[in-house]
Amino acid sequence: MTNKRTYIIDDDKLTARLVSILLTTYGFSDDIKLFNNSELAMEDLTKNASEINTLPDIILLDINMPIMDGWQFLEEYKNLSIKKDISIFIITSSIDPLDLETSKKFPIIRSYIQKPITSEKLKFMTSLIEQQN
């Protein structure tokens, strides 16, 4: 299964690039857009909120970032009037159990996945997306 568009929101440029390569290698997405902070991604989503074909199918969101962390991003995302069902996955290196519990407060999150991203984790995400469709 290939998704048309995936947004990777991660301030670690190396991690974002490696995840992008993995997604491309495994045919996870046709188009990958990288954002090194969630504020830029929020601007893009706000600008394109009514353009369903421009919006991503998947968002891979890091939670520990400067400027606007992943939790702040999710709070703002809830207020957008987006008519498309976008699957959001938390992708994090955090091992803090509080982060996992916090993620459960956001029903828009499909899953909380710890880095590094592997082919097995991509298969898991794909199965969750297929169940949704």
Side-chain angles (χ1 to χ4, degrees):
M1 184 197 89
T2 301
N3 302 292
K4 289 186 192 255
R5 182 169 291 118
T6 299
Y7 282 9
I8 299 172
I9 306 170
D10 195 326
D11 64 315
D12 182 337
K13 291 179 183 180
L14 178 60
T15 297
R17 184 69 186 127
L18 291 173
V19 170
S20 175
I21 291 168
L22 186 66
L23 296 180
T24 302
T25 300
Y26 286 94
F28 186 82
S29 184
D30 290 336
D31 180 29
I32 300 166
K33 193 165 185 180
L34 305 176
F35 295 92
N36 63 5
N37 75 62
S38 53
E39 191 172 71
L40 294 173
M42 183 57 62
E43 288 172 9
D44 183 90
L45 290 167
T46 301
K47 181 178 84 175
N48 296 307
S50 62
E51 301 295 325
I52 291 176
N53 294 328
T54 306
L55 292 169
D57 300 299
I58 311 292
I59 294 175
L60 305 180
L61 176 65
D62 188 19
I63 52 175
N64 296 316
M65 293 181 287
I67 302 175
M68 175 191 286
D69 68 25
W71 306 126
Q72 293 166 316
F73 173 87
L74 291 166
E75 286 295 337
E76 286 198 30
Y77 181 87
K78 290 189 313 186
N79 297 321
L80 294 176
S81 52
I82 292 177
K83 305 287 190 254
K84 183 175 185 177
D85 188 17
I86 300 172
S87 294
I88 299 176
F89 292 89
I90 297 294
I91 306 295
T92 185
S93 56
S94 173
I95 57 171
D96 186 346
L98 184 59
D99 284 334
L100 178 59
E101 287 305 309
T102 302
S103 75
K104 294 176 182 175
K105 296 176 183 175
F106 293 92
I108 57 176
I109 296 175
R110 299 288 296 148
S111 189
Y112 182 97
I113 299 174
Q114 287 195 310
K115 294 176 184 175
I117 302 303
T118 62
S119 60
E120 290 79 23
K121 291 176 183 176
L122 280 181
K123 289 176 188 172
F124 172 72
M125 288 189 288
T126 299
S127 70
L128 288 178
I129 295 164
E130 287 173 347
Q131 289 172 11
Q132 176 183 334
N133 295 335

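- Grouped by direct or indirect side-chain proximity (heavy atoms under 4.5 Å, Ile/Leu/Val/Met/Phe/Trp/Tyr only), Ile95 sits alone.
- With hydrogens and angles left out, the side-chain atoms of Ser94 and Asp99 include a donor and acceptor closer than 3.5 Å.
- Legend: side-chain hydrogen bond (donor to acceptor under 3.5 Å, both in side chains) pairs involving residues 33-43, not counting sequence neighbours, sorted by first then second residue: Lys33-Asp44.
- What you find for Gly70 and Leu61 is that their closest heavy atoms are O-CD2, 3.8 Å.
- Shortest non-hydrogen contact noted between Met42 and Phe73 is CE-O, 3.3 Å.
- Nearest heavy atoms, Asp12 versus Leu14: OD1-N, 3.1 Å.
- Of the inter-residue distances, the one linking Ile59 atom CD1 with Tyr77 atom OH reads 5.0 Å to the nearest 0.5 angstrom.
- Residues Leu80 and Leu45 have side chains in contact (heavy-atom distance under 4.5 Å, counting atoms from C-beta outward).
- Thr24 places a side-chain N or O within 3.5 Å of a backbone atom of Ser20 that can act as its donor or acceptor partner.
- Met68 approaches Gln72 most closely through the heavy-atom pair CA-OE1, 3.2 Å.
- When atom types are taken as modelled, the side chain of Lys84 and the backbone of Leu55 share a donor-acceptor pair closer than 3.5 angstrom.
- With hydrogens and angles disregarded, no donor-acceptor distance shorter than 3.5 Å links the side chain of Arg17 to the backbone of Leu34.
- Between the Asp57 side chain and the Lys4 main chain, a donor and an acceptor come within less than 3.5 Å of each other.
- A salt bridge links Lys104 with Glu101: at least one charged nitrogen is closer than 4.0 Å to a carboxylate oxygen.
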